[in-house]
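In listed order, ligands and their atoms are each counted from 1. Values reported hereafter were calculated over all heavy atoms of this structure, with side chains retained and with hydrogens, waters and symmetry mates removed.
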Amino acid sequence: MKTGAEYIESLKKMKTKVYIRGELFEGADVVDHPFIRPHVNAAAMTFDLACDPQYEDLTTATSHMTGEKINRFTHIHQSTDDLLRKVKMLRLISQKTGSCYQRCVGLDAVNALYTTTFEMDAKLGTNYHERLKAFLKEWQENDYMVAGAMTDPKGDRSLRPSEQADPDLFVHVVEKNDKGIVVRGAKMHMTGMVNSNYMVLMPTTTLRAGDEDYAVSCAIPVDAEGIFHVFGRQTNDGRKEEGGMDAGNEKFAIVGGECLTVLNDVFVPWERVFMCGEVNYSGMLVERFACYHRQNYGGCKGGVSDIVIGAAAAMADVSGYGNVSHIKDKINEMIHLTETVYACSIACSAEGRPTPSGAYYVDPLLANVGKHNVTKLIYDIDRLAQDIGGGILATMPSEADLRNPEIGKYVEKYLAGVEGIPTEYRMRLGKLIENMTGGTALVESMHGAGSPQAQKVFYSKLSNVEHKKDCAMCIAGIPEEGQQLIKEIVKAKYSKKKK
Ligand code: SF4
Ligand code: FE
């Protein structure tokens, strides 16, 4: 297993090309760029905690292929206990970073691929699963940081990939030869991509006959020939560039450090290709990835919310109102909301089931409910933190004002709270709340791992509403023949409407 420092060294040896505000940076310059370094530091925590005996119970696992001790971020879940430990590990790391540490996406991609390729090979006689296992072995041995790359640009959302005016709006295969394939297109909103060793491409949606070129999954080094990345702007990035307390969470950033990744005719050898044309298995892969990733959100956002709660409560303490009953009530409300999102992640893990490959899969309905809660409850948690923190969150002077030899003493004097506690500490807590509860952080809770509607589509599919109607009609005392009558009339009425 790598330490955080060894992971950072591995990035510095790469030739990853990243455009940041229109300027090209490469290799070590990417790693040390102030927009990116905090994200690197957060990802490094996933390595350091695995090397710390205090946390190894959660952060390491035993490889089911080699029997070696590995970082849990490279593990295929072998039990519900593994699924539960994953969620607990995420909450732990969020409590250490207060931010996204990006590495879950690759973990979810490999588990989704592991289960899907096994079933695909059994049905179609392909050999993707063995190829994936060979790559996974290398991944575990080298403790790679891997980005999961699913979301395509999508162009006109009403059209399928093969119907787009520009065929590159979904990643597709443009050439196949005896050595491998060539892919073209782009992936968007790529969490952790610029500070990963590899990316694993997956299709973005369920595909149909005619879309074969778009049914592609493969592993590619992030710095391979033909690839460049365009780093996204975030509401707090100017603060990161300045450095200091105004950044709120200076060391670890706030969200994932997302980018647009452009793939200009990138060659991928066959041994790194895990799907190529099998449209009928694209839906399974997309769904499994989505559910594994939605499993995470109560863990990672639960841990991030722990920091938000702590910051709000400490802000109240240093300001002199920590003991007021309505503040305590608001903190309790935040705890309730945080544990609600966490409970869904625990529940979908505890209700996990083995797949034919032997790897365990989460309960998909509960995983979607959990992520859906995150799209709402994090807003409530952050709203309460802003309520407790007060208007000063939005009007506070900068660190430079505090340090200014002329006016610093006035900032110190007029922003003071409880006597004896330095103003700087109160300012630090305020800046942390300001940064964690606004802008990019909230959008990430809404759309990361899929927008709310993407969760809702699972509900009608996975929750048996007909069964619920049967139960209700029984309790209401409607006899069997009455239930049948209702069903027949309603069915006839709906099918008439459709025509
Ligand atoms: Fe992991 Fe959460 Fe970041 Fe997604 S948002 S990569 S689940 S830490
Ligand atoms: Fe995410």
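- Once rounded to the nearest 0.5 Å, the distance linking CD1 of Ile346 with CD of Glu351 reads 12.5 Å.
- Contact annotation: for Tyr101 versus ligand 1, heavy atoms closer than 4.0 Å belong to both the backbone and the side chain.
- Each of the following atoms of ligand 1 lies closer than 4.0 Å to a heavy atom of Val105: 6 (S).
- Judged by a 6.0 Å distance limit and a 45° cone about the ring axis, Arg103 is positioned over the six-membered ring of Phe47.
- Between His372 and Tyr297, the gap from one ring centroid to the other reaches at least 6.0 Å.
- For a distance bound of 2.8 Å, the N, O or S atoms of Cys104 include one lying that close to atom 1 (Fe) of ligand 1.
- Atom numbering of ligand 1 starts at 1 in the shown order; those under 4.0 Å from a heavy atom of Cys100 are 3 (Fe), 5 (S), 6 (S), 8 (S).
- Within the listing of ligand 1, atoms 5 (S) sit less than 4.0 angstrom from a heavy atom of Lys301.
- For ligand 1 and Tyr297, the ligand atoms under 4.0 Å from any heavy atom of the residue are 4 (Fe), 5 (S), 7 (S).
- Near Cys300, meaning under 4.0 Å from any of its heavy atoms, are these atoms of ligand 1: 2 (Fe), 5 (S), 7 (S), 8 (S).
- Rounding to the nearest 0.5 Å places OH of Tyr144 at 14.0 Å from CE of Met199.
- Remark: of the listed residues Arg131, Lys133, Arg272, Arg272 is the sole one forming a salt bridge (charged side-chain N to carboxylate O under 4.0 Å, His left out) with Glu138.
- Classification of the Phe289-His293 ring pair by plane angle, with boundaries at 30° and 60°, yields parallel.
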